[in-house]
Amino acid sequence: MNPVNYLYLSALLFTIGAAGVLLRRNAIVVFMCVELMLNACNLAFVTFGRMHDNLDGQIIAFFTMVVAACEVVVGLSIIIAIFRSRRSASVDDASLMKW
Amino acid sequence: MSPGIDFAAEVTKTSTGEALQFWVLAAVALIGALATVFMKKAVHSALALVTTMMCLAIFYLAQGAVFLGIVQIVVYTGAIMMLFLFVLMLVGVSSVDSLKETLKGQRIAAVGLGLGFGILLVAGIANASITHFTALATKTPGGRPVYPAETNDEALRAASQGNVQGLAHQIFTKYIWAFEMTSALLITAAVGAMVLAHRERLVPRKTQRELSEERVRENKQVAPLPTPGVYARHNAVDVAALLPDGSVSQLSINGTLRARGQIRDVSAEAVHSVAELESAGADADDEAWPDESDGPSSAPVPTARQEHDDADSSSGGGSGNEVAAGAGSKEGRP
């Protein structure tokens, strides 16, 4: 197997995640799709790091994980705050600032 | 980090074992990702995402990123996804995606964009002429990198001791500022989460007395809500109480079950059994009723007798109530 297949897999996962962000309305599912995209990026980073025989790819992936953890914490609390005021977790309902 | 390694022969193939696990787990990961997007219930999406993340963790392990593989399992599937499930239980179990399109043609456009983007990415990778992997040659079968231990490069020496040592050396030397920024980011996120999720109570919580007085004042639902399944044959929480006309009382079911659509409606069954009862009662009455006057006890009331007849005629779903009612009326008979 050519290891470049890892990159193809990562591209496919990223695409599925992006399509999910565009398709789904439930804010939490949208969020999970964002996580999927981040994970796909991590896989690409690790594979690139292996390709070039250095650890930088793994370190970037590590930092991505940290940022993703922060993002999840803040994002989920925003969802909870919105749910409290609107009793809904649908992204369609948060349209107060819509032009 | 290793431009100096000249013994890294160019290799284009992984081991057969790795190829096998890749093809198996890649399929699982893709199915998990698709399920994340297309599952109707958010909890199922979350579980599918956990599957995908586990597969990715195994890919990291297979590629020699041991630390990341373990962190992926512990932090991602263990902590972050559980946080997702927590919030789901708090917020979204009852919320189903609306199928109404707010923007016209958005769904089709999204699918088209996704496909186009995917084709672009895959074509880009295929065009990039990646022919060899340097790292593959420097790995022993165990996956542990073999670096010249006598090198002057400290990073290389750290990396030769193992994945974690190599990462630690890099993080605390080359990436120390990024690492420090990370700590600031984590603190900010923690404070932000507390600010956003904390709710300031503006008015004091209402006591039970105040709530009941309020109910009486509004004269709306003064009595307690009806309890589910308050009739002899069913007493499960998902069986709605029946109103006098045989229809279902929505109020008697917990709001979460109602939102999930998990109400077990037995009203038709009940109407049917009442009809059965009435037809059976017509001929049973002739012999049953006269006996009651000279029975040992006058305890059984007509309703208990009806329950007994009901149990006889429909011979199924034996609940405690039924048996008690039956026993009561049996006593009434000689």
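Letters go in sequence order (proteins before strands), and every chain restarts at 1.
Applying side-chain contact (heavy atoms from CB on, under 4.5 Å) to B:V74 and the options B:T77, B:I70, B:V71 leaves one that passes, B:I70.
With a 4.5 angstrom heavy-atom cutoff, B:L49 touches chain A only via side-chain atoms. Using a 4.5 Å cut-off between heavy atoms, A:F63 contacts chain B through its side chain alone, with no backbone atom that close. No part of B:M181 comes within reach of chain A, as not one of its non-hydrogen atoms sits under 4.5 angstrom from that chain. Both the backbone and the side chain of B:V122 come within contact range of chain A, with heavy atoms under 4.5 Å apart. For A:V67, the parts lying under 4.5 angstrom from a heavy atom of chain B are both the backbone and the side chain. Contacts of A:F14 with chain B are made by side-chain atoms alone, with heavy-atom separations under 4.5 Å and no backbone atom involved. Neither the backbone nor the side chain of B:F86 comes within contact range of chain A; no heavy atom of the residue lies under 4.5 Å from a heavy atom of that chain. Of the two parts of B:A109, neither the backbone nor the side chain holds a non-hydrogen atom closer than 4.5 Å to a non-hydrogen atom of chain A. Proximity to chain A (any heavy atom under 4.5 Å) is shown, for B:S45, by both the backbone and the side chain. Heavy-atom distances place the side chain of A:L38, and not its backbone, under 4.5 Å from chain B.
Contacts with chain A were tallied for B:G32, B:G192, B:A29, B:A46; B:A46 has the most, counting heavy-atom pairs under 4.5 Å. For the set A:L76, A:I80, A:I78, the count of heavy-atom pairs under 4.5 angstrom toward chain B peaks at A:L76. Taking A:I79, A:V30, A:V74 one by one and counting their heavy-atom pairs under 4.5 Å with chain B, the maximum is reached by A:V74. When each of B:T16, B:T36, B:L30 is scored by its heavy-atom pairs under 4.5 Å with chain A, the top score falls to B:L30. Interface summary for chain A: among B:S15, B:A79, B:A193, the most heavy-atom pairs under 4.5 angstrom belong to B:A193.
The two atoms that bring B:L196 and A:A81 nearest to each other are O-CB, 3.8 Å, heavy atoms only. Of all heavy-atom pairs between A:R25 and B:Q106, the closest is NH2-OE1, 3.3 Å. When every heavy atom of B:Y76 is checked against every heavy atom of A:A68, the shortest pair comes out as OH-CB, 3.0 Å.
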request  = Apply side-chain contact (heavy atoms from CB on, under 4.5 Å) to the pair B:Q63 and A:L43, showing each step before the final yes or no.
outcome  = CA-CA 10 Å; B:Q63 302 210 64; A:L43 181 62; 3.9 Å; yes
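B:F67 and A:F62 have tilted rings, their planes meeting at an angle from 30° to 60° on a 0 to 90° scale.
Within 6.0 Å of the OH atom in B:Y175, the count of heavy atoms belonging to other residues, nucleotides or ligands exceeds 12. Heavy atoms of other residues, nucleotides or ligands lying less than 6.0 angstrom from CD1 of B:I187 number 12 at most.
With hydrogens and angles left out, the side-chain atoms of B:Y60 and A:Q58 include no donor and acceptor closer than 3.5 Å. With 3.5 Å as the limit, one finds no donor-acceptor pair spanning the side chains of A:N42 and B:Q72.
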